[in-house]
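To start, the structure itself, in C-alpha cells.
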Amino acid sequence: MTTTTEQLSDTTLLRFATAGSVDDGKSTLVGRLLHDSKSVLTDQLEAVALASSNRGQEAPDLALLTDGLRAEREQGITIDVAYRYFATPRRRFILADTPGHVQYTRNMVTGASTAELAVVLVDARNGVVEQTRRHAAVAALLRVPHVVLAVNKMDLVDYAEPVFAAIAEEFTAYAASLGVPEITAIPISALAGDNVVEPSAHMDWYGGPTVLEHLETVPVSHDLTECHARFPVQYVIRPQTAEHRDYRGYAGQIAAGVFRVGESVSVLPSGRTTTIEGIDALGESVDAAWAPQSVTIRLADDIDVSRGDLIAPVGDAPAVTQDVEATVCHVADRPLAVGQRVLLKHTTRTVKAIVKDIPSRLTLDDLSQHPAPGQLVANDIGRVVVRTAEPLALDAYADSRRTGSFLLIDPADGTTLSAGMAGASFGAVTEADADSAAQDAEWDF
Amino acid sequence: MSSVATVPEGTVNPYALSHLDSLESEAVHIFREVAGEFERPVILFSGGKDSILMLHLALKAFAPAPVPFTLLHVDTGHNFPEVLDYRDRTVEKHGLRLHVASVQEYIDAGKLRERPDGTRNPLQTVPLTEAIQQHRFDAVFGGGRRDEEKARAKERVFSLRDEFSQWDPRRQRPELWQLYNGRHAPGEHVRVFPISNWTELDVWQYIEREGIELPEIYFAHEREVFSRSGMWLTAGDWGGPKDHEKVETRQVRYRTVGDMSCTGAVDSDATTLDAVITEIAASRLTERGATRADDKMSEAAMEDRKREGYF
C-alpha cells in the first residue's frame, strides 16, 4: 500500500493545452486521452449516456463529458476554456481544453499562458492550413516550450507515411522559423486510438512515442540555472509576536531562477542592495530555492521593501522603465484605443498607465502587419507602447514568461482588456535560420 | 536542512517540483495575492477535508504570522456532530475568528422554508450571500475543485460575483499566466478557489504527507444508516429515515462532508490514510457521484446553484 502512495506522490505535474479547429477531432483526442488513461469514471459515463439518450442520441456523446455548462450542452458548442485533470503512474496532467471556434485567439492565449506544452491538431487530409499556422504562431508568441503536432485522421489516408512526413516537415520548418524551440510530430487516429495512448498496429514505419508517452516524458521545467533569478514581493510577513518580534519576511513565489542564502540582491525599483539572510520554504529553512516555489525571503538589512517590489541578483537585475513596448492579445469585447487610460498589472504591482501608441496589428492568418490601426478589438494581436505612472522592473517575455507578462485592466470596472508580452514578438529567429530576410522583416512587427 | 538535498532521487531535472509541491506553491501564491489585494477576505470553513486543507495551506503561507483571514461556516443545522466538534477545536487551536451563518435561524425566522425533500444544501445560498453582504467580505475563499463537477471545471480561480453573488459563466474574465485580476466594484466580491487544480487524490496525498488531522467520519467506522436513492444516509433527527426506510448498521466512511440529508456514506474498510488513498485510487466513481444527492437533481444542478450564489 505504501508503495502505491509513494509512487503516486513522486510524480511531476505537466500543464498543457490543446489547439485545434472544430473538425480536427480535438474532442475525440481529449476524450480518447481521458478514456484510455482510465480517467473517466463510471458515474460520469453513466451521466453522459443518460443525457445522450434523453436527447434521442443512440450512442453516448463524449462531448457532453467536457461541455459543462447548460448553454454549451444546449447548443452543442464549447464556450469557454475548461481545465481537466488526469493522471498516469508517471505524471499528473492539467489540460487546458480550449474551444476551437471563432474566439480562438483569446481562448488559446488563455490556455497557452500557463502551458508548458501545446498540442496542435491537424487533419491529415488537409495538411497545414491557415488555422494550423495561427496555432503555431500563438504557441510561438506565448513561448510555449514544447509543441506537439498531432497529425490526426491517419486512418483516412491509409496510414501513409509520405502524407505524415510532408505535413511534419512543412509544420516543423514553419514553427521553427517562428522560434518554437521543440516540435514533436506524431501520426495519430484519435477515433481509432492509434498512437494516442496505445502504439498503432497500422504504422510500423513510425518509431516515435505515442501522444501520452511523450506527455509523460517531456521535461517539465527549463534548466533554471540558465534563467535570471526573479522574486516579486507579494506580501510582507511581520508577526510582531513575542516569539518573532523581529521577524520580517518577504513572501512571494519565485518567478524564475534560483536564490541562495548569502547572495547579494537588488530591490527594484528603488535599486537598494542587500544580502539574503535566510529563505523559509513554507516552514522549513533552506539554503536555496527556485521557481516556482512559494517561499519567504529574509534580508540582512532593514530596507524599505513592499508588495510590488522585485528582488533580483545584483548585476543581473532587469532594467527599470516607464515605457513599455509589448505585444498584446486583446481579450475584451470593448476595444483598446490609443490615448486610453488603463491599469497595468505586472507581477504583484498594479500601476496607472496610458496607451501611447498602437504601431501595428498582426493578422495571424498570414502574419502580415497592418500599421497604425488606431485600436485593437477582441482577439486582435498588436504591438503597443504604454507609458506607466511608476517605474516597472520588467523583463522581456522571451527571457521570463512570468516577469515579462502583464495585464491591461479597465480602471472603470476592472475588466481584463489585454494580455501583454514585453519585448519582441517572436523569439529565436536569427538571420541564419530564417527562411528569408523578407519574411523575417514581416514578423518583426 | 538544505532543500537541495531533499530533491527526489532519480529525477531528471533536479529543479523539477513534485506535483504536490507545484500545487502547494500555487495555492500559497493565491492566498498571498488575496492578502495583498483585498480588505476583508474570509475562508469558508465547514470542517470538511477541502476546507481543512485550505486552512492548512493558509497557515503555511503566512507562518510564522497568524492567518490574516477570518472563517465563515454556513451551518445547515444538519451537520455531523464530529465535524462541528472538529471545527470548534480547530478555531480555538489556531486562535481564529469564526462567523456562523445558520440555516436553522433563517428557517425559524420564517425567512427560508424547509424543502419537501428535507435537503438543506440548496438553502445555504441565502445565509451565505447575506453573511457576505453583512460583513462586507470582498474575497471569499472556497474549497471548490474543478475535478469535482463539470460546471466547476469552468470556474476561474478568481471568480467575480455581482452584488447578488451571482455567477455568470459567460462573463468570466480570462485568467492569464498567474496574474489574477481581483478588481471589483463596491458590493461585488470575488470567490477565490486556491485548490482549483487539485484532484480528490491530490488532497488525500497531501493530507497524508503533511500529517493533517481530519474528522473521524472520513475513516471507516460502524454507523447506523439507511438507503435512499442508492446512497447510505446517516439516521438522525434531521428527518431520516422515513417509515419505509430500514435502518441498519454498516461499516462506512464519508468521501465528502456536507449536509447530512444529502451526503452519502460509502461502504469501506479503509481505517487509515494509506487505505483511503488506495481505495480512492481504485474507485470507479467520482467523489460527488458516489456521495452527493444534490448534484443528481438535474444535469445542471451545480451550475444552477452556482449562478444563484452557491459555491
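Note on naming: letters A, B, ... go to the chains in the order of the sequence lines (proteins, then strands), and numbering restarts at 1 for each one.
If you measure heavy-atom distances from A:Leu407 to chain B, the contacts under 4.5 Å come from both the backbone and the side chain. Heavy-atom distances place the side chain of A:Ile237, and not its backbone, under 4.5 Å from chain B. For A:Thr110, the parts lying under 4.5 angstrom from a heavy atom of chain B are both the backbone and the side chain. Both the backbone and the side chain of A:Tyr83 come within contact range of chain B, judged by heavy atoms closer than 4.5 Å. Proximity to chain A is absent for every atom of B:His184, based on heavy atoms less than 4.5 angstrom apart. Proximity to chain A is absent for every atom of B:Glu188, based on heavy atoms less than 4.5 angstrom apart. Only the backbone of A:Val295 has a heavy atom closer than 4.5 Å to any heavy atom of chain B. Proximity to chain B is limited to the side chain of A:Arg402, based on heavy atoms less than 4.5 angstrom apart. Looking at A:Leu343, only its side chain comes within 4.5 Å of chain B, counting heavy atoms on both sides. Contact of B:Asp21 with chain A is not made at all, since no heavy-atom distance falls under 4.5 Å. For a residue to count as touching a neighbouring chain, one of its non-hydrogen atoms must lie under 4.5 Å from one of that chain's; by this rule B:Ala27 does not touch chain A. Heavy atoms closer than 4.5 Å to chain A are found in both the backbone and the side chain of B:Arg32. For a residue to count as touching a neighbouring chain, one of its non-hydrogen atoms must lie under 4.5 Å from one of that chain's; by this rule A:Thr415 touches chain B with the backbone only. Interface residue A:Leu142: only side-chain heavy atoms are found under 4.5 Å from chain B.
A:Gln234 meets the side chain to side chain donor-acceptor pair (under 3.5 Å) test with B:Glu33; sequence neighbours excluded. The salt bridge (Lys or Arg N to Asp or Glu O under 4.0 Å) check on B:Asp162 picks up nothing, with sequence neighbours excluded.
If you tally non-hydrogen atom pairs under 4.5 Å between each of B:Pro64, B:Ser196, B:Pro174, B:Ala185 and chain A, the highest count goes to B:Pro64. Top candidate by heavy-atom pairs under 4.5 Å with chain A, chosen from B:Leu179, B:Val28, B:Thr199, is B:Leu179. The greatest number of non-hydrogen atom pairs below 4.5 Å with chain A, out of B:Lys60, B:His29, B:Gln178, B:Arg183, is found for B:His29. Of the listed residues B:Leu57, B:Asn181, B:Leu59, B:Leu273, the one with more heavy-atom pairs under 4.5 angstrom with chain A than any other is B:Asn181. Most heavy-atom pairs under 4.5 Å with chain B: of the set A:Ala251, A:Gly283, A:Gly111, this distinction falls to A:Ala251.
The shortest heavy-atom contact between A:Met421 and A:Phe406 is N-CE2, 4.0 Å.
Using a 30° and 60° split on the angle between ring planes, B:Phe158 and B:Tyr180 fall in the parallel class, below 30°. The aromatic rings of A:Phe93 and A:Phe86 sit parallel to each other, their planes meeting at less than 30°, with 60° as the upper class boundary.
Formation of a donor-acceptor pair under 3.5 Å by the B:Trp232 side chain with backbone atoms of B:Gly264 is not found in this model. Not a single donor-acceptor pair under 3.5 Å links the side chain of A:Thr11 to the backbone N or O of A:Arg91. B:Ser25 places a side-chain N or O within donor-acceptor distance of the main-chain N or O of A:Ser294, the cut-off being under 3.5 Å.
Salt-bridge annotation for B:Arg253 and B:Asp269: absent, with no side-chain N of the basic residue lying under 4.0 Å from a carboxylate O of the acidic one.
Side-chain contact, B:His19 with B:Asp202: a donor N or O sits under 3.5 Å from an acceptor N or O.
With respect to A:Tyr235, the ring pair (Phe, Tyr, Trp, His ring centres under 6.0 Å) criterion is satisfied by exactly one of B:Phe38, B:Phe62, B:Phe31: B:Phe62.
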